[in-house]
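Structure, as structure tokens:
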Amino acid sequence: MKNILLQNFNISDFQKDLINWYQANKRDLPWRKDQDPYKVWVSEIMLQQTKVDTVIPYFHCFISNFPTVEALAAADQQDVLKSWEGLGYYSRARNLQNAVREVVASYDGVVPDNPKELGDLKGIGPYTKGAILSIAYNKPEPAVDGNVMRVFSRLFYIEDDIAQPKTRKLFEAYVREVIDHDDPSSFNQAVMELGAIICTPKSPACMLCPVQEYCQAFSEGVQENLPVKKKAKKQRKIPYVALLIRTPEDKYVIEKRSSDGLLADLWQFPMVPVGEIGYSHIESWFYQEYGISLNMKDHAGKLKHVFSHLIWELEIYHAEAELTTVEDERLRLVAKEDIANYPFPVSHQKMMVHLNTV
DNA sequence: AAACCGGGGAT
DNA sequence: ATCCCAGGTTT
């Protein structure tokens with residue numbers, strides 16, 4: 001690709017101004033203490049759709065629990081999910097462990113340093129592949145995330161819809177044009193740091209920008225209008241009755257979710273899809289589904305939990321069941337103080353405050 | 001291409 | 001309420 005840049009865009013000066021700013025202003029982040037490819041990898045997976053401040057404590061805990069590729073490969077999946085609890089997008093944790101096991105089995109525990117092998121690992125897409133190759137191995141590969149698309153859309157006045165998958169390829173072409181081959185690690189991180197600190201979605205700090213003189217959007221005064229992004233659809237609402245089912249031995253019924261789909265392999269309190277069956281059929285539905293007779297008790301509260309693509313509206317009820325054991329493989333009877341040993345989604349963590357109220 | 005997949009923080 | 005965050009996988 002050629003002729004995508006303005007003739008007066010001096011690439012070398014741009015690289016120098018950007019990287020000098022980065023070296024002087026970069027944040028002291030735990031995954032920047034060395035270039036261990038495993039730690040870079042873990043940080044990049046955690047940072048997908050997740051803010052730096054949210055990731056930092058999880059990163060410390062995760063690396064402490066699983067310091068090496070070998071340690072993570074040998075770990076129990078439930079322990080990995082427990083370390084991921086609250087971070088969201090739990091398939092990231094499952095894919096990361098699967099990929100790490102592949103690295104141990106096929107690559108002698110060494111994270112691959114080439115696009116083909118790296119990109120074939122579970123959970124490593126175009127962005128993460130480029131991030132690991134550039135940051136850990138200093139290879140001049142693009143790592144285009146939301147920051148890069150925002151910064152470059154303004155620098156080069158690109159009006160393509162960044163919500164469309166094909167648009168990422170356009171930005172990768174721009175990065176290949178302007179990336180610094182002497183220090184691709186600093187270059188890619190500098191663009192992302194600029195997007196996080198200066199070139200923010202709203203009210204960008206253009207007066208502090210080290211590359212303001214190169215920015216076409218700033219020169220036209222349209223930086224607030226970029227990038228262009230199509231609006232997302234509204235989430236659909238799904239009503240459930242969530243049940244805090246107590247047994248005569250003062251244990252509670254919890255359920256392990258399916259291994260695929262939403263919140264895979266996490267635990268929850270049983271839920272009845274009341275929108276499909278109606279409130280009058282809760283006990284019969286539950287008996288048909290689990291073979292357990294419920295005695296419905298008090299209404300404990302309600303909560304709304306918003307996901308990226310749907311909304312749970314939970315009505316929380318106490319219930320009793322005359323159980324000492326459970327047959328269903330999904331279910332388990334657990335004392336209140338042992339519930340914390342299982343990975344729960346945040347929505348059901350919020351329900352635990354009601355465990356004391358009856 | 002569009003849908004699915006979490007949770008939190010800023011505005 | 002709305003947006004977006006160091007995105008990837010599945011359909």
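The analysis underlying the following values was restricted to heavy atoms, covering all of them including side chains, and did not include hydrogens, waters or symmetry mates.
- The pair A:Glu255-A:Arg332 fails the salt-bridge criterion, with no side-chain N (NZ, NE, NH1 or NH2) lying under 4.0 Å from an Asp/Glu carboxylate O.
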With side chain to side chain contact (heavy atoms under 4.5 Å, CB included) as the criterion, how do A:Val55 and A:Trp31 come out once you've worked through the C-alpha distance, each side chain's angles and the decisive distance to 0.1 Å? CA-CA 10 Å; A:Val55 166; A:Trp31 46 90; 3.8 Å; yes
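- The aromatic rings of A:Tyr290 and A:Phe286 are tilted relative to each other, their planes meeting at an angle between 30° and 60°.
- Using a 4.0 Å heavy-atom distance criterion, A:Val52 is classed as a base contact.
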Do A:Lys33 and A:Asp28 pass the salt bridge (Lys or Arg N to Asp or Glu O under 4.0 Å) test, and can you show the C-alpha distance, the side-chain angles, and the key distance before you say yes or no? CA-CA 8 Å; A:Lys33 294 199 175 300; A:Asp28 183 19; 3.8 Å; yes
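- Using a 4.0 Å cut-off between a side-chain N of Lys or Arg and a carboxylate O of Asp or Glu, A:Lys129 and A:Glu117 do not qualify as a salt bridge.
- Across all strands, A:Trp312 comes closer than 4.0 Å to no nucleic acid atom at all (heavy-atom distances).
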Contact list (N/O, under 3.5 angstrom) for nucleotides 8-11 of chain B vs protein:
none

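- C:dG8 and B:dG9 have their C1' atoms separated by 23 Å, given to the nearest Å.
- Using modelled atom types and a 3.5 Å distance limit, the side chains of A:Gln235 and A:Trp312 yield no donor-acceptor pair.
- Residues satisfying the salt bridge (Lys or Arg N to Asp or Glu O under 4.0 Å) criterion with A:Lys116, sequence neighbours excluded, are A:Asp120.
- Using a 4.0 Å heavy-atom criterion, one finds that A:Ile45 contacts no nucleic acid atom at all.
- In terms of position on DNA chain B, the residue among A:Gln164 and A:Phe307 whose nearest nucleotide sits closer to the 5' end is A:Gln164.
- Paired regions of DNA chain C, where each region holds three or more successive Watson-Crick or G-U pairs whose two hydrogen-bonding distances fall under 3.5 Å, are B:1-5 with C:7-11.
- A:Thr128 comes within contact range of the sugar-phosphate backbone alone, with a heavy-atom separation under 4.0 Å but no base atom that close.
- Contact annotation for A:Arg94: no contact, since no heavy-atom pair falls under 4.0 Å across all strands.
- Using atom P as the reference point in both B:dG8 and C:dT9, the two lie 24 Å apart (nearest Å).
- Along DNA chain C, read 5' to 3', the first and last nucleotides having any atom under 4.0 Å from a heavy atom of chain A are C:dC3 to C:dT10.
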Write down the protein N/O and nucleotide N/O pairs, taken from nucleotides 3-5 of chain B, whose separation is under 3.5 Å; answer none if there are no such pairs.
unit_1	atom_1	unit_2	atom_2	d
B:dA3	OP1	A:Lys233	NZ	3.2
B:dC5	OP1	A:Leu262	N	3.3
B:dC5	OP2	A:His309	NE2	2.8
B:dC5	N3	A:Tyr89	OH	3.4

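- When the P atom is compared between C:dA6 and B:dT11, the two are found 14 Å apart, to the nearest whole Å.
- Between A:Glu85 and A:Lys82 a salt bridge is recorded (basic side-chain N to carboxylate O distance below 4.0 Å).
- Between A:Leu47 and A:Phe59 there is no side-chain heavy-atom pair separated by less than 4.5 Å.
- Inspection of the A:Ser134 and A:Asn188 side chains reveals an N or O donor paired with an N or O acceptor under 3.5 Å.
- If you take OG on A:Ser83 and CD on A:Gln78, they are separated by 11.5 Å, rounding to the nearest 0.5 Å.
- Between the side chains of A:Gln48 and A:Thr128, at least one donor-acceptor pair of N or O atoms lies under 3.5 Å.
- Taking 4.0 angstrom as the limit, A:Lys230 places none of its side-chain polar atoms (N or O) nearer than this to OP1 or OP2 of B:dA1.
- A salt bridge links A:Arg27 with A:Glu193: at least one charged nitrogen is closer than 4.0 Å to a carboxylate oxygen.
- The ring-ring contact (aromatic ring centres under 6.0 Å, His included) search around A:Phe187 returns none, not counting sequence neighbours.
- Looking at heavy-atom distances under 4.0 Å, A:Arg27 makes contact with a base.
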